[in-house]
There are 2 protein chains.
Amino acid sequence: MANMNSALLALADPTRRAVFERVARAPAPVSDIAKGLPVSRPAVSQHLKVLKEAGLVVDHADGARRIYRIDPRGLGPLRAWLDQFWGAALDAFAADLEAQELETHAKDDKDDEHD
Amino acid sequence: MANMNSALLALADPTRRAVFERVARAPAPVSDIAKGLPVSRPAVSQHLKVLKEAGLVVDHADGARRIYRIDPRGLGPLRAWLDQFWGAALDAFAADLEAQELETHAKDDKDDEHD
DNA sequence: ATAAAATGTAAGTTATGACTTACGGTAAGT
DNA sequence: ACTTACCGTAAGTCATAACTTACATTTTAT
């Protein structure tokens, strides 16, 4: 998949996000990742599978172990989606909100309005 | 709340993300938002409540209606969290991955992983 | 005053997913 | 060859959350 939807779904779970952040700090085998987490090793394997299918991590064999590392490119679609609302929308929001609040106040304080 | 976790949780659901995108296009009352979606109006109300608690939308009364509009500032923590991995990590990833693949090739050519 | 419109919430149902233990397969050590 | 370590997956349990209908509240219109 590796689209914005799968990345969002993957990162929404706190445990899985902890796995992602751990892998982001340094590449590590599954057992090491599970060491610092309050869930079992198979649970970590399942989380890594979801992260991998979302394009957020990559793995490679190292003997009997599998080393997982972050793939920051998987965050690209999500970041692009966010930027849709971040730039111009932020400025527009401030102006719109202010104008809207002025209207609301004018309606609320109708006993105090003049002109 | 209005932290990164709540924003991520809120935007992970496709229906709720559709509500968010609809509100982002233009402020609208609940009924109008529900018009273009395949779920009931109360469902939209519940989604809007989650989005509001995550700081992603704001609402104000307009007679018997409530107008919802996007609050792009709610995306701030999420964006900041993403940038943790986006900048330097992206460059480091390319170099690390290349080096790692060289090691893998040098040791053995049994790489069977692909997207 | 009554009715209608717009919305939020309560209650109940159901699907999904996060977790566990158990098991099978592969690689390394003795 | 046998044992140990590392890992992925299957099966089953359980909590959560997304949805529905029903109801209560507030505002507007007749």
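The sequence lines fix the lettering, A, B, ..., with proteins before strands; numbering per chain opens at 1.
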J.: How many Å lie between CZ on A/Arg41 and P on D/dA5, as a whole number?
T.: 13 Å
J.: Can you find a side chain N or O atom of B/Ser45 that sits less than 4.0 Å from OP1 or OP2 on C/dT9?
T.: no
J.: Can you check whether B/Thr15 has a side-chain N or O nearer than 4.0 Å to OP1 or OP2 of D/dA18?
T.: no
J.: Grab the CZ-P distance between A/Arg66 and C/dG25 for me, whole Å please.
T.: 17 Å
J.: What is the distance, rounded to the nearest whole Å, between atom CG of B/Leu37 and atom P of D/dC19?
T.: 10 Å
J.: Is there a donor-acceptor contact under 3.5 Å from the side chain of B/Arg17 to the main chain of B/Leu11?
T.: yes
J.: Whole Å only: how far is the CG atom of A/Asp59 from the P atom of D/dT9?
T.: 10 Å
J.: With the side chain of B/Gln46 defined as its heavy atoms from C-beta on, choose the nearest nucleotide among C/dT7, D/dT20, D/dG8.
T.: D/dT20
J.: Indicate the ring-plane relationship of B/Phe20 and A/Phe85, choosing parallel, tilted or perpendicular according to the 30° and 60° boundaries.
T.: perpendicular
J.: Would you kindly check whether a donor in the side chain of A/Arg16 faces an acceptor in the base of C/dG17, or vice versa, at under 3.5 angstrom?
T.: no
J.: Quick check for you: among C/dG8, C/dT21, D/dC7, whose closest atom lies nearest to any side-chain atom of A/Val30?
T.: D/dC7
J.: Roughly how far apart are A/Arg79 CZ and B/Leu78 CG, rounded to 0.5 Å?
T.: 10.5 Å
J.: Could you give the NZ-to-P distance, from A/Lys52 to D/dC7, as a whole number of Å?
T.: 13 Å
J.: Starting at NE2 of A/His60 and ending at C1' of D/dC6, how long is that distance when rounded to a whole Å?
T.: 15 Å
J.: Without decimals, in angstroms, what is the distance between B/Leu9 CG and C/dA18 P?
T.: 10 Å
J.: Look at B/Tyr68 and C/dG8 and indicate whether a side-chain polar atom (N or O) is within less than 4.0 Å of OP1 or OP2.
T.: yes
J.: Closest approach to the side chain of A/His47, judged atom by atom: which nucleotide of D/dC6, D/dT9, C/dA18 is it?
T.: C/dA18
J.: Start at the 5' end of DNA chain C and walk down; is the nucleotide closest to A/Asp13 or to A/Pro42 reached first?
T.: A/Asp13
J.: Applying side chain to side chain donor-acceptor pair (under 3.5 Å) between B/Asp59 and each of B/Lys49, B/Arg69, B/Arg65, B/Lys52, report the one that passes.
T.: B/Lys52
J.: Between A/Ser40 and B/Ala28, which residue's closest nucleotide on DNA chain C lies nearer the 5′ terminus?
T.: B/Ala28
J.: Enter the distance from B/Ile67:CD1 to B/Asp32:CG here, rounded to the nearest 0.5 Å.
T.: 8.0 Å
J.: Over how many whole Å does the gap from B/Leu48 atom CG to C/dG8 atom P extend?
T.: 7 Å
